[in-house]
Amino acid sequence: IKRIGVFTSGGDAPGMNACIRAVVRTALYEKLSVTGIYQGYQGMLDGNFTEMTSRSVSNIIQLGGTILKTARCLEFKTKEGRAKAYENVKAAGIDALVAIGGDGTFTGADFFSKEYDIPVICIPGTIDNDLYGSDFTLGYDTATNTVIEAIDKIRDTAASHERLFFIEVMGRDSGCIALNAGIAGGAEAILLPEKETAIDELIAHLSAADGRGKKSSSIVIVAEGDQNGGAYNVAKKVKEKFDYYDTKVSILGHLQRGGSPSSFDRVLASRLGFAAVKELLKGNNRMTVGVRGNEVVTTPLEEAINNKEYKLSSDMLELVQVLAI
Ligand code: F6P
């Protein structure tokens, strides 16, 4: 290998810049050249490339977002699109790739590396923490911290007005952000995609809490992928049957994707960026790098794509009930 291409794709996540920095500097340290590919697969199709030096990744470890930009690219899903991308990649002298992103990014890398002789290593980067092969994905820790800051602030106003708040958090089909931030933010109840919560059950829970003198305010966290259809629906259904509280809905939205990465995410990003380049140098291909119990591990790309990992600990699910008394 002489030249690595690095890119970020799919939803941005805090820690992506720290990861780009680690990939670039590890590669340069190992006497490889690095091309930055802008806008993920879209940049491959457009030949939107830039030469990366040690200085081009100065002062970015603390930045949210991604300096290489990102995109969700439909054309890359076609064989013709990938053929065009390959021509551009080859013409730029790129002979290996490091892809940073979520499941869509992994799937694109899987197709591309099956069709063309370009080794690829994938790094899990998404706030959702929904990928197989790593206990944590880049950005998840920061997003969770952002959510608890928001919950704390909403709690101030909820308590002052004696209101019940339904706070919707991101995570797609994963309840990781909801569960962790909900516990850390002292939520009364947490609605998760992985676990059905009947509205009647939620109402019974809220009215029991009320009976125990907790009527001043309450926070209910609703994961966006929750089976009841999101915070507005949950609030509406609760309101129809339980008219005690003044209820409000707050959708946290994309603010959860931004911000300076936490120390956890910066270290994780640095370790995984370093590991990805090392894997390429060992001659490996079609792998993901991740962490398991604080050790860096690799997983075959296909295995990572084809498996779903249940990341909600049973003790945490129980905690939600117990600590809400
Ligand atoms: O995958 C990250 C994520 O933020 C999800 O939590 C959310 O469902 C989705 O991306 C939003 O996507 P977009 O930024 O394209 O609206």
Side-chain angles (χ1 to χ4, degrees), residues 7-19 38-43 63-77 99-109 122-151 166-182 185 190-194 221-234 249-262 265 268-269 272 288 290 304-305 307-312:
F7 62 94
T8 49
S9 166
D12 61 306
M16 281 183 162
N17 283 324
C19 194
Y38 284 113
Q39 290 188 306
Y41 296 115
Q42 188 62 49
L63 300 179
T66 159
I67 59 160
L68 289 177
K69 315 285 181 192
T70 187
R72 303 192 197 273
C73 175
L74 291 179
E75 202 184 338
F76 196 79
K77 292 188 176 174
I100 308 166
D103 53 354
T105 308
F106 284 16
T107 305
C122 292
I123 300 177
T126 163
I127 64 164
D128 301 340
N129 201 28
D130 60 349
L131 297 171
Y132 181 90
S134 188
D135 292 344
F136 302 106
T137 56
L138 301 184
Y140 164 63
D141 183 66
T142 307
T144 303
N145 284 315
T146 302
V147 172
I148 64 167
E149 259 181 54
I151 296 174
F166 294 91
I167 304 178
E168 184 177 300
V169 302
M170 278 187 168
R172 222 180 270 271
D173 299 326
S174 157
C176 283
I177 294 178
L179 183 59
N180 280 269
I190 306 175
L191 274 59
L192 302 161
E194 293 89 343
I221 302 296
V222 183
E224 65 178 351
D226 156 69
Q227 303 180 14
N228 296 294
Y232 276 111
N233 278 320
V234 173
V249 174
S250 185
I251 313 273
L252 299 187
H254 285 80
L255 73 84
Q256 295 165 92
R257 287 243 292 266
S260 180
S262 64
D265 275 328
L268 180 65
L272 297 186
T288 70
I305 292 169
N307 284 284
K308 271 240 158 268
E309 199 167 314
Y310 186 79
K311 290 189 184 169
L312 307 184

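Along the sequence shown, residues are numbered consecutively beginning with 1. The figures here come from the full heavy-atom set of this structure, side chains too, leaving out hydrogens, waters and symmetry mates. Start at 1 and go down the list; that is how both ligands and their atoms are numbered. These numbers were taken from a predicted model, which means no experiment stands behind them.
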Side chains of T144 and N180: is there a donor and an acceptor less than 3.5 Å apart? no
What do the steps show when you test N233 against N228 for side chain to side chain contact (heavy atoms under 4.5 Å, CB included), and what is the final call? CA-CA 7 Å; N233 278 320; N228 296 294; 5.5 Å; no
Closest heavy-atom pair, T146 versus Q256, reported as atoms and distance to 0.1 Å, is CG2-CA, 4.2 Å
Flag yes if more than 12 heavy atoms outside F76 fall under 6.0 Å of its CZ atom; otherwise flag no. yes
Side chains of Y140 and T126: does their closest heavy-atom pair fall under 4.5 Å? no
Under 4.0 Å from ligand 1, residues with heavy atoms, in chain and number order, are R72, T126, I127, D128, M170, G171, R172, E224, H254, R257
State, without any angle test, whether T142 and D265 hold a side-chain donor-acceptor pair at a distance under 3.5 Å. yes
